Colleague: 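Let me give you the structure first, and then I'll get to my questions.
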There are 2 protein chains.
Amino acid sequence: MKSSVEPLKARRIYLLLRDRIIAGDLPPGERLPGEPALAAEHAVSRVTVRRALDLLEKEGLVQRKPGSGTFVHDSRAVRPIVADLSNVLSHLIDMGRSTDVKLLSFGYVAPPEAIAESLGLKPGERVQRSVRVRLIDGEPFSYLTTHVPEWLGLTYSEAELAARPLLELIERSGVKTERATQAINATLAGPEPAAALDLEIGSPLLTLTRIVHDPSGRGVEHLHALYRPDRYSFHMDLVRIGDDGERRWSPALGRPRASEIAKAEKTKADKNKAGEKPTRGSRAIKQRS
Amino acid sequence: MKSSVEPLKARRIYLLLRDRIIAGDLPPGERLPGEPALAAEHAVSRVTVRRALDLLEKEGLVQRKPGSGTFVHDSRAVRPIVADLSNVLSHLIDMGRSTDVKLLSFGYVAPPEAIAESLGLKPGERVQRSVRVRLIDGEPFSYLTTHVPEWLGLTYSEAELAARPLLELIERSGVKTERATQAINATLAGPEPAAALDLEIGSPLLTLTRIVHDPSGRGVEHLHALYRPDRYSFHMDLVRIGDDGERRWSPALGRPRASEIAKAEKTKADKNKAGEKPTRGSRAIKQRS
DNA sequence: GGAACCTGTATGATCCATAATACAGCTTCG
DNA sequence: CGAAGCTGTATTATGGATCATACAGGTTCC
């Protein structure tokens, strides 16, 4: 009766360094402490430190130079996709990037209770279940599982689903899609999503669950999407509205600011040369044990 | 030469079952396949299956009955908090739940480059850095790291920060907060957040990064928030707008629909009694430790 | 009651992540 | 150049996770 399943030490160190890099504590271009130093600092062997660095290198967060050191990789090779709230990728096309879809699974099944209930199905009613993967420039970034009532799914073919957006097929069938509710959350990659997204099991994933209703309130689509956080994230602009007693944020409507996003990415990329490591402020929290 | 850090087998099976339970594939009250069956299915030993089930049981997702079986726990003990886009928890108060804040760290430091740049600071300018944990009914659910320019941070005290919302303090100082941009993503828990949120290292977390600007475009707050996905998620209602060539989703404004959320929670809670498997199972779970 | 399940528990063998150490080859810098 | 770093690689040893097996005790159902 003791420790439960503790993550591997290598993984723990990997996460620690990863957090410091992402938080900007270790700026791009900076040299990491040497492997012996890291090993001593975390009270592990150098082999374990190496395995942690292997993970960071595989993710492109770090670059190793034999004889010289290990450096935080500047100018992230893969720029993440940015989607606005409504999950529109319109500005992707502006950037000249191409998306593709691969259909992994297609069939008619009895739905899990939770989905049947969220779509408002009658007991025994079947659904069309499909699993797709979306790719950006050939790299997978999202894993989509959709459930559609059978009567609606029958209005299009498997080939059509593989070629066109599901929502377009639904609307083509004459169904009006007017309302939707969605929830954003996080989870860990299970075996299938991990394989499809080219990740290891246990990697973090961003999830989006959306239920689309027609004007009568009938559920027409249940979407469960998993996104690779390094290749996809949700962005939004907010404005402060309301009068004094009740000020709060509200999403700013209108086209997403592709220009601003691009600017932020660029400036982030080339700002590290005149810097001379000003005493590294946040070390205070580290030592705890 | 194979390596890569593969998660422990027990953890992998834990993740798999957990996903199936959360996805509703294994409905509440359902009996899981027996330990020998699971062991055979995943090609591991029964001991390993047991360790995975231990984790599920510790999280309250599953309940074991010696001699009988292992069952999916119905009526999740902790209901997740639901926030709308603007991250307002107003309906929490309606539900009679109380939130609290614990200040973990407070001080003035030299900011990481990424944060200095996103706030538009001059080189050498220092920032106030604070780390707080928010609790709901005594349980931690979010881990907030904020960076505020020094000139602004000096307008309030450490004690005030521990007691009042940061945005309120900022506006009290006379600064107008008008615009903000935010990004939602997912990550894994590093050591400090894991400890503060009562999680294991490597647990999935929902992240929110928000940068608040005043009307002149000057950055006044950089917020990095980590949320426990089992206790917090973002919800939003969408409406379909635009004319035919340019249909897309847009967030539905207006007050958050606490009523609808409550309804959804409730129906989810009691939809498994008139179910069509009166043979076994419903009676099985009655007693609760 | 009794057969057929189930979970709980114990045992010893095996495999793999980690530790400890040593050395090669490279880069940086005085 | 040469010392002092660094990464890359190999070695053996150890401990924990996992395996295979067996048995105890409870539940379900005939």
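Per chain, numbering begins at 1; letters A, B, ... match sequence-line order. These values consider heavy atoms only, across backbone and side chains, with no hydrogens, waters or symmetry-generated copies. Note that this is a predicted model, so its numbers are computed, not measured.
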Colleague: For residues B/Leu119 and B/Pro111, determine if any side-chain heavy atom of one lies less than 4.5 Å from a side-chain heavy atom of the other.
Modeller: no
Colleague: How close or far is atom P of D/dT9 from atom CG of A/Asp54, stated in whole angstroms?
Modeller: 10 Å
Colleague: Under 4.0 Å: is that the gap between some side-chain N or O of A/Lys9 and OP1 or OP2 of C/dA19?
Modeller: yes
Colleague: When the distance from CZ of B/Arg64 to C1' of C/dG8 is rounded to whole Å, what number comes out?
Modeller: 9 Å
Colleague: Can you check the A/Glu30 CD to D/dC6 C1' distance for me, whole Å?
Modeller: 16 Å
Colleague: Could you measure the distance from the CG atom of B/Asp54 to the CZ atom of B/Arg64? Nearest 0.5 Å is fine.
Modeller: 4.5 Å
Colleague: Please report the distance, rounded to the nearest Å, between OH in A/Tyr14 and C1' in C/dA17.
Modeller: 18 Å
Colleague: May I have the distance from A/His42 (atom NE2) to C/dA19 (atom P), rounded to whole angstrom?
Modeller: 12 Å
Colleague: Considering just the side-chain nitrogens and oxygens of A/Arg50, establish if one lies under 4.0 Å of OP1 or OP2 belonging to D/dG8.
Modeller: yes
Colleague: Is the side chain of A/His222 donor-acceptor paired with the backbone N or O of A/His147 at a distance under 3.5 Å, no angle test?
Modeller: no
Colleague: Figure out the CZ/C1' separation between A/Arg12 and C/dA17, and round it to whole Å.
Modeller: 13 Å
Colleague: Taking the side chain of B/Arg51 as its heavy atoms from C-beta onward, which of D/dA17, C/dT18, D/dA20 lies nearest to it?
Modeller: D/dA17
Colleague: With the side chain of B/Glu35 defined as its heavy atoms from C-beta on, choose the nearest nucleotide among D/dG8, C/dT7, C/dA10.
Modeller: C/dT7
Colleague: Both A/Ser45 and B/Leu32 contact DNA chain C. Which one's nearest nucleotide lies toward the 5' end?
Modeller: B/Leu32
Colleague: Tell me whether the OP1 or OP2 atom of C/dA19 has a side-chain N or O from A/Arg46 closer than 4.0 Å.
Modeller: no
Colleague: What's the closest nucleotide to the B/Pro66 side chain, out of C/dT7, C/dA10, D/dT7?
Modeller: C/dT7
Colleague: So, OP1 or OP2 of D/dG5: does either fall under 4.0 Å of a side-chain N or O from A/Ser68?
Modeller: no
Colleague: Indicate, yes or no, whether a donor-acceptor pair under 3.5 Å links the base of D/dG5 to the side chain of A/Arg31.
Modeller: no
Colleague: Starting at the 5' end of DNA chain C, which residue's closest nucleotide do you reach first, B/Gly34 or A/Val47?
Modeller: B/Gly34
Colleague: In whole angstrom, give the distance that lies between atom CD1 of A/Ile13 and atom C1' of C/dA19.
Modeller: 12 Å
Colleague: Are B/Tyr143 and B/Leu205 packed together at the side-chain level, in the sense that at least one heavy-atom pair is separated by less than 4.5 angstrom?
Modeller: no
Colleague: What integer distance in Å separates B/Arg11:CZ from D/dT18:C1'?
Modeller: 17 Å
Colleague: Quick one: are A/His73 and A/Val62 in side-chain contact, heavy atoms under 4.5 Å?
Modeller: no
Colleague: Among the nucleotides D/dC19, D/dT7, C/dA19, which one has an atom lying closest to any side-chain atom of A/Pro36?
Modeller: D/dT7
